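Report on the following structure.
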Amino acid sequence: SIVSRDCPHVSSQEEPFFLVRCPVADTTSLEQSLSSVVGADALDGDNKYLCEKCPVGSQRVTADKRTSFRRLPPVLCLNAQRYVYNVMVGQRQKLNSYFEFPATLNMFIYTEKYLLGDRATANDGDHDATA
């Protein structure tokens, strides 16, 4: 989703998925990794978002771009990305650092409904966000 800070518009595109790539580098838990997946990137300065929904016509606005989950699949695979490319060696290296997996995972805090609040797209039939 792209959420404008300057106007009330939200632009989003739904893509089906069954796998989430969770970075392990610089995180110690699955929750931290998922938070980095749904973290917002600021679109400002020369990188402002072109809002085509504004009534004045297309205008550049400051916005936040983020990935979030609108609907969760019945089965969700989480792929821990334990390999990183080491530029010094010129090859992939496995990360062997500590990485914690919870017994229960509340996926609601990574959903569009939670992250965007009232600006989220309304949906019926969502899967339970706790896995």
Side-chain angles (χ1 to χ4, degrees):
S1 300
I2 299 176
V3 181
S4 174
R5 294 183 201 168
D6 301 334
C7 67
H9 302 119
V10 175
S11 175
S12 64
Q13 179 178 344
E14 188 170 352
E15 297 178 14
F17 67 95
F18 295 96
L19 174 87
V20 177
R21 294 181 180 199
C22 301
V24 172
D26 302 322
T27 61
T28 59
S29 69
L30 184 57
E31 289 99 336
Q32 283 182 353
S33 182
L34 286 167
S35 292
S36 73
V37 169
V38 299
D41 293 323
L43 302 176
D44 54 12
D46 291 338
N47 196 27
K48 284 188 174 183
Y49 175 67
L50 182 62
C51 182
E52 297 174 355
K53 295 179 182 178
C54 284
V56 182
S58 298
Q59 68 181 27
R60 298 241 176 233
V61 295
T62 302
D64 292 317
K65 181 178 180 179
R66 75 170 354 125
T67 298
S68 60
F69 304 107
R70 185 175 296 166
R71 266 191 285 261
L72 296 171
V75 175
L76 178 62
C77 296
L78 302 172
N79 178 7
Q81 293 184 299
R82 288 198 168 274
Y83 288 90
V84 294
Y85 185 75
N86 185 330
V87 179
M88 301 297 281
V89 181
Q91 62 186 17
R92 292 182 343 153
Q93 272 187 317
K94 184 176 180 182
L95 298 174
N96 290 316
S97 56
Y98 178 79
F99 193 75
E100 186 176 319
F101 293 87
T104 305
L105 181 61
N106 179 6
M107 287 296 291
F108 180 70
I109 61 175
Y110 311 108
T111 63
E112 183 180 77
K113 188 180 285 186
Y114 179 83
L115 295 168
L116 301 183
D118 294 339
R119 296 176 89 177
T121 304
N123 266 307
D124 295 324
D126 289 351
H127 288 282
D128 185 6
T130 303

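Predicted, not measured: the structure shown is a model, and the values here were computed from it.
Checked against the 6.0 Å centroid criterion, the rings of F69 and Y110 do not qualify as a close aromatic pair.
Looking only at distances, a side-chain donor or acceptor of R66 sits under 3.5 Å from a matching main-chain atom of V38. A side-chain donor-acceptor contact under 3.5 Å links T111 to the backbone of F108.
With sequence neighbours excluded, the residues forming a salt bridge (Lys or Arg N to Asp or Glu O under 4.0 Å) with R5 are D64, listed by chain and number. Residues passing the ring-ring contact (aromatic ring centres under 6.0 Å, His included) test with Y83: none are found, sequence neighbours excluded. For Y98, the ring-ring contact (aromatic ring centres under 6.0 Å, His included) criterion is met by no residue, not counting sequence neighbours. Judged as a side chain to side chain donor-acceptor pair (under 3.5 Å), and not counting sequence neighbours, the contacts of Q93 are N86.
Taking CD1 of I109 as the reference point, atom CG of L34 lies at 8.0 Å (rounded to 0.5 Å). To the nearest 0.5 Å, the span separating OG on S12 from CZ on R70 amounts to 4.0 Å. The distance from the NZ atom of K94 to the CZ atom of R82 is 6.5 Å, given to the nearest 0.5 Å. Within the model, atoms OG of S1 and CG of L116 stand 5.0 Å from one another, a figure rounded to the nearest 0.5 Å.
Pairs of residues two or more places apart, or lying in two chains, never qualify as side chain to side chain donor-acceptor pair (under 3.5 Å) while including a residue from residues 36-48.
Through side-chain heavy atoms spaced under 4.5 Å, either directly or across other Ile, Leu, Val, Met, Phe, Trp or Tyr residues, F18 is tied to no other residue.
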